[in-house]
There are 2 protein chains.
Amino acid sequence: MGNLSHHHHHPVDHEQFQAELKDKLNSLGYRYTPQRQQIVGLFLADEGHLTPKEVTERMESQSAAIDQATIYRSLEFFHKIGVLSCSQIGGQTVYEIAHSVPHHHLVCTNCDAVMPLDDHHFDELVEHLWQDHQFKASLTHLTISGLCGHCAN
Amino acid sequence: MGNLSHHHHHPVDHEQFQAELKDKLNSLGYRYTPQRQQIVGLFLADEGHLTPKEVTERMESQSAAIDQATIYRSLEFFHKIGVLSCSQIGGQTVYEIAHSVPHHHLVCTNCDAVMPLDDHHFDELVEHLWQDHQFKASLTHLTISGLCGHCAN
DNA sequence: CTCCTTATTGCAAAAATTTGCAATAATATA
DNA sequence: TATATTATTGCAAATTTTTGCAATAAGGAG
């Protein structure tokens, strides 16, 4: 895919994002259905993490009811192709747009605060895993548990 | 807790492990019930990852039926206090004994192969997160996705 | 524009996981 | 050792997530 990056509060970019996404899916033999469009639209409009349940609720409030099974399958589908990232935070499965600039999450196990962590911190590690362990790490979205500054006291 | 480390194929060590675990729980105000003993026993005897379902099955085959809810709650409990580690592998939630010597997992997204990765690789990162991000990372069991040597070709 | 292929959906049922609560039983204490 | 406290269990119901399958509809081809 070319450049699927997006920016906040810019509907125009959202349209472009969706158009490029459609092309990407089609070129892979997938289809860009209204349901998938709506789900992606939700993540574009509503930055941040969403649980499957939250996705369902917001769909209903848009009177665009989509079957639960479809929602679960779509989230998993978008995750598989790299459009959404998936992580476990506070015991919940949450999805979010996978930015073109990868980043990771520091999650406080005490207060569930989530802090972003830039990708470059792992450059060395990835290189090492490849050179010495023959493992091609794909660090698109790592979650690191611990205690934030507040809770560490 | 003192030293809860254990070694493979040494029932004596297992007994000691369990004894120390009982002391630890009691000192924390928890109770070491037969159900919890059996579940921990399973992980001690049967090295490796186990899903909640597998735990249930092995319990049944030992004619020591424990209610599903108790199994889920116990796994979560042991995870919370650091006796078991928990991770998502191949879309499944799996638990295993949290060794006193921490290690991590390289998981191949293609063939689900799991390779251990020593903890020391993260020493620098942990130090950096603490110094520059005021985040006290607890890297007891990290899962890194990617492709193993085989599948990378 | 119409037809074909088949990816995807909705539905309903199954399976997995969580939760509330009364009964039970593991500890600490006397 | 007997008793009191309350953490933990089992059960049943609720909730969440997955799965099979027939019907639908997206996208490519003519």
Side-chain angles (χ1 to χ4, degrees), chain A residues 1 18-42 49-60 62-81 83-84 86-95, chain B residues 1 18-42 49-60 62-81 83-84 86-95:
Chain A
M1 138 171 50
Q18 297 246 11
E20 290 187 54
L21 181 51
K22 170 171 163 43
D23 289 344
K24 175 183 178 179
L25 296 201
N26 288 344
S27 70
L28 290 172
Y30 302 122
R31 295 171 185 179
Y32 203 40
T33 65
Q35 291 88 339
R36 288 180 177 171
Q37 288 174 45
Q38 286 173 35
I39 291 174
V40 168
L42 200 59
H49 301 120
L50 291 175
T51 65
K53 192 181 178 187
E54 288 169 335
V55 172
T56 303
E57 290 168 352
R58 308 205 184 195
M59 281 308 169
E60 288 170 349
Q62 289 180 20
S63 65
I66 297 179
D67 191 86
Q68 292 274 30
T70 301
I71 289 176
Y72 280 102
R73 283 187 285 225
S74 297
L75 292 175
E76 156 67 16
F77 168 78
F78 283 126
H79 175 222
K80 191 181 65 183
I81 64 171
V83 171
L84 294 180
C86 172
S87 44
Q88 304 287 322
I89 294 182
Q92 299 222 283
T93 302
V94 295
Y95 293 86
Chain B
M1 130 171 53
Q18 297 245 11
E20 291 187 53
L21 182 51
K22 171 171 163 42
D23 288 343
K24 175 182 178 180
L25 295 200
N26 289 344
S27 71
L28 290 171
Y30 301 124
R31 296 173 185 176
Y32 202 40
T33 66
Q35 290 88 339
R36 287 180 177 169
Q37 289 174 42
Q38 286 173 35
I39 291 173
V40 167
L42 200 59
H49 301 117
L50 291 175
T51 65
K53 191 182 178 185
E54 288 169 335
V55 172
T56 304
E57 290 168 352
R58 308 206 183 193
M59 280 307 170
E60 287 169 349
Q62 289 180 18
S63 64
I66 298 179
D67 191 86
Q68 293 274 32
T70 300
I71 289 176
Y72 281 103
R73 283 187 286 223
S74 296
L75 293 174
E76 158 66 15
F77 168 78
F78 284 126
H79 176 223
K80 192 182 66 185
I81 64 171
V83 171
L84 294 179
C86 172
S87 45
Q88 305 287 321
I89 295 183
Q92 298 222 285
T93 302
V94 295
Y95 293 86

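Each chain gets a letter, A, B and so on, in the order the sequences are listed, and its residues count up from 1.
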Taking only residues two or more places apart in sequence or in another chain, which ones pass side chain to side chain donor-acceptor pair (under 3.5 Å) with A/Gln88?
A/Thr93
Separation of atom CG in A/Leu25 from atom P in C/dT6, rounded to whole Å
19 Å
Does A/Gln35 put a side-chain nitrogen or oxygen below 4.0 Å from OP1 or OP2 of C/dG10?
yes
Mind checking side-chain contact (heavy atoms from CB on, under 4.5 Å) for A/Asp23 and listing every partner two or more places apart, or none if nothing turns up?
none
Using the test side chain to side chain donor-acceptor pair (under 3.5 Å), find all partners of B/Arg31 that sit at least two apart in sequence or belong to another chain.
none
Can you tell if the side chain of B/Phe78 reaches within under 4.5 Å of the side chain of B/Leu75, non-hydrogen atoms only?
no
Length of the line joining B/Leu28:CG and D/dT8:P, which is rounded to integer Å:
10 Å
What residues, two or more places apart in sequence or in another chain, satisfy side chain to side chain donor-acceptor pair (under 3.5 Å) together with A/Arg73?
none
Look only at the side chain of A/Lys24 and the backbone of A/Ile81, and say whether a donor-acceptor pair between them is shorter than 3.5 Å.
yes
Output all residues satisfying side-chain contact (heavy atoms from CB on, under 4.5 Å) with A/Tyr72, sequence neighbours left out; order by chain, then residue number.
A/Pro52, A/Gln68
Taking only residues two or more places apart in sequence or in another chain, which ones pass side-chain contact (heavy atoms from CB on, under 4.5 Å) with B/Gln37?
B/Gln18, B/Tyr32
Separation of D/dA7 C1' from B/Gln37 CD (nearest whole Å):
15 Å
Between P of C/dT9 and CD1 of A/Ile71, the distance in whole Å
11 Å
Roughly how bent is the helix from C/dC1-D/dG30 to C/dA30-D/dT1 end to end, in steps of 10 degrees, with each end axis from five pairs?
40°
May I have the distance from A/Met59 (atom CE) to C/dG10 (atom C1'), rounded to whole angstrom?
15 Å
With sequence neighbours excluded, tell me which residues meet side-chain contact (heavy atoms from CB on, under 4.5 Å) with B/Ser87.
B/Ile89, B/Val94, B/His105, B/His141, B/Thr143
With heavy-atom distances below 4.5 Å as the criterion, would you say the side chains of A/Met59 and A/Ile39 are in contact?
yes
5' to 3', nucleotides 20-28 of chain D under a 4.0 Å protein heavy-atom cut-off (B base, S sugar-phosphate only, - none) gives B----BBS-
Could you tell me how far apart B/Gln92 (CD) and D/dT18 (P) are, to the nearest whole angstrom?
11 Å
Side chain to side chain, B/Ile66 and B/Val55, heavy atoms closer than 4.5 Å:
no
Without decimals, in angstroms, what is the distance between B/Gln38 CD and D/dT8 C1'?
14 Å
Please list, for nucleotides 14-16 of chain D, all pairs of protein and nucleotide N/O atoms separated by less than 3.5 Å.
residue : atom : partner : partner atom : Å
D/dT16  : OP1  : A/Lys53 : NZ           : 2.8

Using atom CD of A/Gln88 as one end and atom P of C/dT17 as the other, report the distance to the nearest whole Å.
12 Å
For the side chain of B/Arg36, counting heavy atoms from C-beta on, which of D/dT8, C/dC11, C/dT9 is nearest?
D/dT8
